[in-house]
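Throughout, protein chains are lettered first and strands after them, A, B, ... in sequence-line order, and every chain is numbered starting at 1. These numbers come from a predicted model, not from an experiment.
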Number of protein chains: 2
Amino acid sequence: MEILSARSAFAALAQETRLAAFRLLVRAGPAGLPAGEIARALGTAPSTLSTHLGLLQRAGLVSSERRSRRIVYRADFEGVGALMRFLMQDCCKGHPAVRAAIGGEAA
Amino acid sequence: MEILSARSAFAALAQETRLAAFRLLVRAGPAGLPAGEIARALGTAPSTLSTHLGLLQRAGLVSSERRSRRIVYRADFEGVGALMRFLMQDCCKGHPAVRAAIGGEAA
DNA sequence: CCGTTAATTCGATAATTATCGAAATATGGA
DNA sequence: TCCATATTTCGATAATTATCGAATTAACGG
């Protein structure tokens, strides 16, 4: 993962509404959630959420698929994995403390 | 790690100059680097960099120590580890694809 | 105590980002 | 075809963030 993509992923997750939307999608699992339902759950205007979802998607953290009138969003775990790799390898050079942090306490 | 701290860490790494400063500190290792040297290396005004370093520190990603006239900054790998745990556990519920991403390709 | 160096805090300005309503696009059903 | 639903795109405005120079704080050496 290049620095630019990493930055856009970090930026995507730094924003309150977007992080909430992403976590919601993680919980929703493979079924995903339509845009409107996410907007309702988070109490934001559909247009605002659409902007956020677009940003999450360009950051590679979610994917979308049209299903009739709805557009269903899903968490993209490949994208999250790429971000974690960046954080661990490119960024932290596989530093022991970082590896321990995730190896020791991981669920 | 709480959501708010995670957000501040993501925001810290999302900014170009800050990410560059952080990566520089990772490479510098335990010896760390004084603020002025980082500013010179990145070509930013000392005051600007000081703001960025303060933000990185509040996000728990770097630590600082005064050494005579200099203030030496170091990467805080505990903080990075906490962020990775958040990403893996709180955020992604230990999803297999995420675990595989770091387990399979880690250096 | 004064001058020098190193860093931070402050205040202003520029740049970016978030938010929303209105308008546009796409889908499906009567 | 027309209408209702679902979402996106557009344009404007509000809010946040980045940047810098000037002033301030801190540490050292003469």
Side-chain angles (χ1 to χ4, degrees), chain A residues 3-25 28 31-76, chain B residues 3-25 28 31-76:
Chain A
I3 289 191
L4 210 86
S5 345
R7 285 218 296 125
S8 72
F10 286 134
L13 296 174
Q15 208 278 334
E16 183 168 19
T17 306
R18 281 195 299 262
L19 180 55
F22 178 74
R23 282 161 63 89
L24 206 58
L25 288 176
L33 283 174
E37 210 168 312
I38 304 173
R40 212 173 318 117
L42 301 181
T44 59
S47 64
T48 301
L49 196 81
S50 180
T51 304
H52 285 315
L53 288 172
L55 205 149
L56 279 166
Q57 186 163 30
R58 281 190 298 280
L61 295 170
V62 307
S63 63
S64 72
E65 179 200 1
R66 181 175 279 276
R67 271 192 155 255
S68 169
R69 267 180 286 198
R70 313 256 170 91
I71 296 184
V72 172
Y73 284 86
R74 291 181 190 81
D76 182 341
Chain B
I3 291 189
L4 211 85
S5 341
R7 284 218 297 127
S8 72
F10 286 134
L13 296 175
Q15 209 277 334
E16 183 168 19
T17 306
R18 279 194 301 264
L19 180 55
F22 178 74
R23 282 161 63 90
L24 206 57
L25 288 176
L33 284 174
E37 211 167 312
I38 304 173
R40 212 172 319 116
L42 302 181
T44 59
S47 63
T48 301
L49 196 82
S50 180
T51 305
H52 285 315
L53 288 172
L55 206 148
L56 279 166
Q57 185 162 31
R58 283 191 296 281
L61 296 170
V62 307
S63 63
S64 72
E65 179 201 1
R66 181 176 277 277
R67 272 189 155 255
S68 171
R69 268 180 284 198
R70 313 259 169 88
I71 296 184
V72 172
Y73 284 85
R74 290 182 192 79
D76 183 341

Leu53(A) atom CG is separated from dT19(C) atom P, nearest whole Å, by 12 Å
Look at Ser68(B) and dT5(C) and indicate whether a side-chain polar atom (N or O) is within less than 4.0 Å of OP1 or OP2.
no
Closest listed nucleotide, where the reference is the side chain of Ala35(B) and the choices are dA18(D), dA6(D), dA7(C):
dA7(C)
Looking only at side-chain N and O atoms, does Thr17(A) come under 4.0 Å of OP1 or OP2 in dT19(C)?
yes
Between CD of Gln57(B) and P of dT8(C) the distance, given in whole Å, is 9 Å
Please classify the nucleic acid contact of Thr48(A) as base, sugar-phosphate, or nothing, using heavy-atom distances under 4.0 Å.
base
Compare every heavy atom of Ala35(A) with every heavy atom of Leu49(A), then report the nearest pair and how far apart it is.
CD2-O, 3.5 Å
Any side-chain N or O of His52(B) below 4.0 angstrom from OP1/OP2 of dT17(D)?
no
Does Arg40(B) reach a base, just sugar-phosphate, or nothing at all? Heavy atoms under 4.0 Å.
nothing
Which nucleotide sits closest to the side chain of Arg69(A): dC28(D), dT5(D), dT19(D)?
dT5(D)
Taken to the nearest whole Å, CD/Glu37(A) to C1'/dT7(D) is 14 Å
So, for Arg18(A) and Ala11(A), which heavy atoms are closest and what is the spacing to 0.1 Å?
NH2-O, 3.1 Å
Side chain of Tyr73(B), heavy atoms from C-beta onward: which of dA27(D), dT8(C), dT8(D) has the nearest atom to it?
dT8(C)
Separation of dT17(D) C1' from Glu16(B) CD (nearest whole Å):
15 Å
Tell me what Arg67(A) touches on the nucleic acid: a base, only sugar-phosphate, or nothing, going by heavy atoms under 4.0 Å.
nothing
Counting side-chain heavy atoms from C-beta on, which of dT19(D), dA18(C), dT8(D) comes nearest to Pro46(A)?
dT8(D)
Test item: Phe10(B) and Gln15(A) side chains (from C-beta on) under 4.5 Å apart, heavy atoms
no
Rounded distance (Å) that lies between atom P of dT17(D) and atom CG of Leu49(B):
18 Å
Of the candidates dA18(C), dT8(D), dA7(C), the side chain of Leu55(A) sits closest to dA18(C)
Should the pair Arg70(A)-Glu37(A) be classified as a salt bridge under the 4.0 Å nitrogen-to-oxygen rule?
no
Need one value for Ser47(A): base, sugar-phosphate or nothing, where a base atom within 4.0 Å counts as base even if backbone is also close, heavy atoms only.
base
Does Arg58(A) reach the main-chain N or O of Ala9(A) with its side chain, forming a donor-acceptor pair under 3.5 Å?
no
In whole angstroms, the gap separating P of dT25(C) from CD1 of Ile71(A) amounts to 15 Å
Give the nucleotide from the list dA27(D), dC20(D), dG21(C) with an atom nearest to the side chain of Arg66(B).
dA27(D)
Whole angstrom is fine here: how far is it from CG in Leu42(A) over to P in dT7(D)?
13 Å
State whether Gln15(A) places a side-chain N or O below 4.0 Å from either non-bridging phosphate oxygen (OP1 or OP2) of dT19(C).
yes
For a quick test of reading the model, state the closest non-hydrogen atom pair linking Ser8(B) to Ala59(B) and the distance between them.
O-CB, 3.7 Å
Let me know the distance between CD of Glu65(B) and P of dT8(C), rounded to the nearest Å.
14 Å
